[in-house]
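Here's the structure, in C-alpha cells; my notes come after.
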Amino acid sequence: MSRKSTVIRRGLFPGSFDPVTLGHLDVIRRAAPLFDEFYVGVFVNPSKKELFFPEERVKMIQTATADLPQVRVIAFDGLLADWCRAHKIDAVVRGLRSTADFEYEWAMAQTNRMLAPETETVFLASSAALSHTSSSTVREIASFGGDISGFVPPAVASAVYAKYQERNKEG
Ligand code: COA
C-alpha cells in the first residue's frame with residue numbers, strides 16, 4: 001500500500017510587535033490560513049529599548065490570535081535566516097503598508113534569501129484602512145494619553161496605558 005507523503009507548509013511572520021497592532025493582526029489573519037503551521041516570531045533585540053518585555057508581547061499576540069488554531073507565537077533572537085532553517089520555514093511573511101516600506105523590505109528579503117535560499121519571502125499588501133498604523137505611533141499617542149482604540153485590540157490598549165501609568169508613577 002502506498003502512503004501519501006504529507007507536506008507541512010510553515011510560515012513565519014517576524015517583527016518587533018511592541019505592541020502588536022490591528023495592522024499586524026490583519027496580516028496574521030490573512031496569512032495564517034495559507035499555511036499548515038503559522039508562526040508569529042517576536043524578535044528579542046537586546047539593543048533596542050522596548051516598551052514591553054518579549055514574554056508580554058508574546059502573550060498579547062497569543063490572546064489576540066487564540067481563535068486561530070494554526071498560529072503559534074514564539075520569541076526568537078539571532079538571525080532570522082537561522083531560525084527559519086532550524087524550523088524548516090517555507091516562507092517569511094511581511095506586510096507592505098505603502099511604497100515607503102518597499103525598499104527596506106526588499107533589502108531584507110534579498111539578504112535573507114542569500115542567507116537561507118530555501119525560505120521565500122511573501123508580501124501581503126496591508127488593508128488600506130490600516131496602512132498608516134505603526135507600533136511607534138501607538139506608543140506616542142498613548143504616552144500623551146490619546147485614544148489608541150482604532151489601532152490596537154482593547155486588551156492591548158489597556159496594557160499600553162497601564163505601562164505608561166506605571167512609568168509615570170516611577171517618574
Ligand atoms: N501593520 C502595522 N505596523 C506594521 C506593519 C503592519 N502590517 N508592518 C510593519 N509595521 C511597523 C511596525 O509596527 C514597526 O513600527 P515602529 O517602527 O513604529 O515600531 C515597524 O513597522 C517595523 O516593523 P517590524 O515588523 O517590527 O520590523 P523590524 O524592522 O523591526 O524588523 C525583524 C523586525 C524581526 C523582521 C528583523 O529585525 C529581523 O529579521 N531581525 C533578526 C536579525 C536578522 O536576521 N537580521 C538580518 C535581517 S535582513
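Counting convention: from 1, in listed order, for ligands and their atoms alike. Because only heavy atoms are used, hydrogens play no part in the values below, and waters and symmetry mates are left out as well, while side chains stay in.
For ligand 1, the atoms closer than 4.0 angstrom to any heavy atom of Ser134 are 3 (N), 13 (O), 15 (O), 18 (O). For ligand 1, the atoms closer than 4.0 angstrom to any heavy atom of Arg139 are 19 (O). Those atoms of ligand 1 with a heavy atom of Val27 less than 4.0 angstrom away are 7 (N). Distances below 4.0 Å separate heavy atoms of Leu80 from the following atoms of ligand 1: 39 (O), 41 (C), 43 (C), 44 (O). Shown in contact with Tyr104 at under 4.0 Å from a heavy atom are these atoms of ligand 1, numbered in order with element: 28 (P), 29 (O), 31 (O). Distances below 4.0 Å separate heavy atoms of Gly78 from the following atoms of ligand 1: 41 (C), 42 (C). Every atom of ligand 1 with a heavy atom of Ser126 under 4.0 Å away is listed here by number and element: 7 (N).
Centroid-to-centroid, the aromatic rings of Tyr161 and Tyr164 stay 6.0 Å apart or farther. Ring centroid separation for the pair Phe43 and Phe76 comes in under the 6.0 Å cut-off.
Atom 5 (C) of ligand 1 is approached by the protein to below 4.0 angstrom, counting heavy atoms only.
Residue, atom and distance of the protein heavy atom nearest to atom 12 (C) of ligand 1 are His24 NE2, 3.6 Å. Among protein heavy atoms, the minimum distance from atom 15 (O) of ligand 1 is reached at Ser135 N, 3.6 Å. Among protein heavy atoms, atom 30 (O) of ligand 1 sits closest to Ser16 OG, 3.0 Å. Of all protein heavy atoms, the one closest to atom 34 (C) of ligand 1 is Phe43 CB, 3.4 Å. Looking only at protein heavy atoms, the nearest one to atom 8 (N) of ligand 1 is Arg97 NE, 3.8 Å. The nearest protein atom to atom 48 (S) of ligand 1, hydrogens excluded, is given as Met108 CG, 3.4 Å; this is a heavy-atom distance. Nearest protein heavy-atom contact of atom 23 (O) of ligand 1 is Arg94 NH2, 4.1 Å. In terms of protein heavy-atom proximity, atom 33 (C) of ligand 1 is nearest to Gly15 CA, 4.0 Å.
Ion pairing of Glu118 with Lys88 is absent here, as no side-chain N (NZ or NE/NH1/NH2) approaches a carboxylate O to less than 4.0 Å.
One finds the CZ atom of Phe52 at 9.5 Å from the CZ atom of Arg139 (value rounded to the nearest 0.5 Å). The line from CZ of Phe17 to CZ of Arg57 is 9.5 Å long, rounded to the nearest 0.5 Å. Rounding to the nearest 0.5 angstrom, the gap separating the CG atom in Leu25 from the CE atom in Met60 is 10.5 Å. Here the straight-line distance linking atom CZ of Arg29 with atom CG of Leu124 works out to 14.0 Å at 0.5 Å rounding.
Shown here are the salt bridge (charged side-chain N to carboxylate O under 4.0 Å, His left out) partners of Asp77, two or more places apart in sequence or in another chain: there are none.
Of the options Leu79, Thr137, Leu96, the smallest heavy-atom separation from atom 43 (C) of ligand 1 is shown by Leu79. Looking at Asp101, Asn112, Val42, it is Asn112 that brings a heavy atom closest to atom 47 (C) of ligand 1. Around atom 3 (N) of ligand 1, the closest heavy atom drawn from Leu25, Val20, Thr133 belongs to Thr133.
Hydrophobic side-chain contacts under 4.5 Å tie Leu96 into a cluster, directly or through other members, with Phe102, Trp106, Phe123.
His87 has its side chain out of reach of Arg10: every pair of non-hydrogen atoms, C-beta onward, lies at least 4.5 Å apart.
Contacts of Ser136 with ligand 1, taken as heavy-atom pairs under 4.0 Å, involve both backbone and side chain. With a heavy-atom cut-off of 4.0 Å, Thr111 touches ligand 1 through its side chain alone.
The local environment of CZ in Arg167 is crowded, with over 12 non-hydrogen atoms from other residues, nucleotides or ligands closer than 6.0 Å.
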Determine, stepwise, if the pair Ser135 / Asp18 fulfils side-chain hydrogen bond (donor to acceptor under 3.5 Å, both in side chains). CA-CA 6 Å; Ser135 301; Asp18 189 36; over 6 Å; no
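Residue contact annotation: Asp18 has no non-hydrogen atom under 4.0 Å from ligand 1.
At a cut-off of 3.5 Å, with distance as the only test, a side-chain donor of Asn45 or Ser47 sits close to an acceptor on the other residue.
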